[in-house]
Amino acid sequence: MTTRQKTRPKTWQTGRHTGRAVRLPGGLSLRLDVRALTVAALLLAAALAAGVALIGTGDAGIPAAGVLRTLAGDGTAYQDFVVRELRLPRVLVGLLVGACLGLGGALFQAVSRNPLGSPDVLGLSQGSTAGALVVIVLMSGTAAQVTAGALAGGLVTGLAIHLLAWRQGVHGYRLVLVGIGVSAIVTAVNGYLLTQADLVDAARAVVWMTGSLGGRDWDQVWPLLGLCAVLLPLVLVHARALRMMEMGDDAAHALGVRVQRVRLVLTVCAVLLTAAATAAAGPVSFVALTAPQLARRLTGSPGPNLLPSLCMGAALLVAADWASQRAFGADQLPVGVVTGVLGGGYLLWLLVTERRAGRM
């Protein structure tokens, strides 16, 4: 067999899924799901197009071509100020927060093997909220301190859930149950903290708890971008092991996967992604829950769909931010209100669909 024959991509097809198995130098092989990659590329293009449209809309409207010229460095001084200083940071934070939530939700759902295994249900968003409330109510902290408090609260909550769910390993069903319990406790703590705040701090806390991209600047962009640059390759390295774990811990262990180690690494990555997103924009609800499920419906693949979920989360949040600014006239809503309404409607539709199909 010639070298060309050895490296020729081999097409595989299972049900509705078509992909290619590519043999790499050194005896390694890589299986590519063409449909999943196509969906991810289309979702990314939609997210970027929505971002350009969002940058160009407002009191000082700029056509999409003008936005692109300004981003390329050919705009006027006025356009450069509006695009680069006022609007671009908000859109980038929206894209990055949505991507973090979509990827974090996909990881939690894959690790727990439960469609409800998302940061909203497990209590991580509530934990980040608790950290931010402690800083706002007890310390009257600055915006940077609130961000640090939210990040710390999410990490502490994730560690507590992991330790409480540990029993010779962490299993998905127990992880979800412990997360629901921790979520209820932390929600009660958040309510108590609000009752102890004065009027100004309470109003500030409620606005933050709703989830908003208003007033975001480059100080939120760079930490999120750096975190994604570090965690995304780490997650993708473990994607093959994660797919094997969907067959069950015993089967994955028999195939050479260090199940508990992989689960711990991916859980830590998901906690960091969720905590960083919450610290940057507040607890934006339902994106982490719905983005992986919508991505799975588009790809038709039962796997974790990490890249499609990431791109779906970015597209959903930017579209929701556009709706929060433009769809209600002069009244601008926090983006968390829009995602909550859309996510709640999606959940109701999903429950009705599952019931009619006889699966619940």
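- Remark: Y346 OH to Q293 CD distance equals 4.0 Å, nearest 0.5 Å.
- Between T339 and S285, the shortest heavy-atom contact is OG1-O, 3.1 Å.
- The side chain to side chain donor-acceptor pair (under 3.5 Å) test applied to Y192 returns no partner, not counting sequence neighbours.
- With sequence neighbours left out, the side chain to side chain donor-acceptor pair (under 3.5 Å) criterion links Q79 to no other residue.
- From L95, atom CG reaches atom CG of L48 across 6.5 Å, with rounding to the nearest 0.5 Å.
- Pairing each heavy atom of V284 with each of V287, the nearest pair is CG1-CG2, 4.0 Å.
- Ion pairing between D321 and R90 holds under the 4.0 Å rule for side-chain N and carboxylate O.
- With hydrogens and angles ignored, the 3.5 Å screen pairs no side-chain donor or acceptor of R243 with any backbone N or O of A241.
- V268 and L224 fall into different hydrophobic clusters, defined by Ile, Leu, Val, Met, Phe, Trp and Tyr side-chain heavy atoms under 4.5 Å apart, directly or through other members.
- Under the 3.5 Å distance criterion, the side-chain polar atoms of R87 are matched with a main-chain donor or acceptor of T57.
- Other members of the cluster containing L159 are L163, with ILVMFWY side chains joined at under 4.5 Å, either directly or via other members.
- A continuous path of ILVMFWY side-chain contacts below 4.5 Å connects L103 to L264, so both sit in one hydrophobic cluster.
- L199 belongs to no hydrophobic cluster, as no Ile, Leu, Val, Met, Phe, Trp or Tyr side chain comes under 4.5 Å of its own.
- Listed by first then second residue, pairs satisfying salt bridge (Lys or Arg N to Asp or Glu O under 4.0 Å) with a partner in residues 181-198 number zero, not counting sequence neighbours.
- For the pair V271/I161, no side-chain contact is recorded, criterion being any heavy-atom separation below 4.5 Å from C-beta on.
- Counting heavy atoms from C-beta on, the side chains of F108 and T274 come closer than 4.5 Å.
- For the side chain to side chain donor-acceptor pair (under 3.5 Å) condition, no pair includes a residue of residues 221-240, sequence neighbours left out.
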Donor-acceptor list for residues 305-314 side chains, cut-off 3.5 Å, not counting sequence neighbours:
| residue | atom | partner | partner atom | Å |
| --- | --- | --- | --- | --- |
| N305 | OD1 | T299 | OG1 | 2.8 |
| N305 | ND2 | S301 | O | 3.0 |
| N305 | ND2 | G303 | O | 2.8 |
| S309 | OG | N305 | O | 2.7 |

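- A pairwise comparison of heavy atoms in P304 and L242 identifies CB-CD2, 3.8 Å as the closest pair.
- The main-chain N or O of D217 is found under 3.5 Å from a side-chain atom of Q220 such that the two form a donor-acceptor pair.
- With a 4.5 Å cut-off on side-chain heavy atoms, M209 and L194 count as touching.
- Minimum interatomic distance between P292 and A106 (heavy atoms only, all atoms of both residues): CG-N, 3.3 Å.
- Shown here for G102 and A291, the closest heavy-atom pair between the two residues is CA-CB, 4.1 Å.
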Side chains of residues 121-138: which donor-acceptor partners sit under 3.5 Å, not counting sequence neighbours?
| residue | atom | partner | partner atom | Å |
| --- | --- | --- | --- | --- |
| Q126 | NE2 | D120 | O | 3.2 |
| Q126 | NE2 | S183 | OG | 3.3 |
| S128 | OG | L124 | O | 3.3 |
| S128 | OG | A150 | O | 3.3 |
| T129 | OG1 | S125 | O | 2.9 |

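- Between I55 and L88, some side-chain heavy-atom pair lies under the 4.5 Å cut-off.
- Hydrophobic cluster membership differs between W218 and L227, with clusters built from Ile, Leu, Val, Met, Phe, Trp and Tyr side chains linked at under 4.5 angstrom.
- Proximity of L316 to L294: side-chain heavy atoms (C-beta onward) are separated by under 4.5 Å at one or more points.
- Between T290 and G343, the shortest heavy-atom distance links the atoms CG2-CA, 4.2 Å.
- Scanning for side chain to side chain donor-acceptor pair (under 3.5 Å) contacts around R84 gives D80, with sequence neighbours left out.
- Annotation: side chain to side chain donor-acceptor pair (under 3.5 Å) contacts of T187 (sequence neighbours excluded): none.
- In this structure, the side chains of V83 and I62 come closer than 4.5 Å at one or more pairs of heavy atoms.
- Within the model, atoms CG of L92 and CG of L225 stand 8.5 Å from one another, a figure rounded to the nearest 0.5 Å.
- Taking CG of L54 as the reference point, atom OG of S324 lies at 8.0 Å (rounded to 0.5 Å).
- Sorted by first and then second residue, the salt bridge (Lys or Arg N to Asp or Glu O under 4.0 Å) pairs with a member in residues 271-285 form an empty list; sequence neighbours excluded.
- For the pair T278 and L151, the minimum side-chain heavy-atom distance is 4.5 Å or more.
- Qualifying side chain to side chain contact (heavy atoms under 4.5 Å, CB included) partners for L68, counting only residues two or more places apart in sequence or in other chains: V52.
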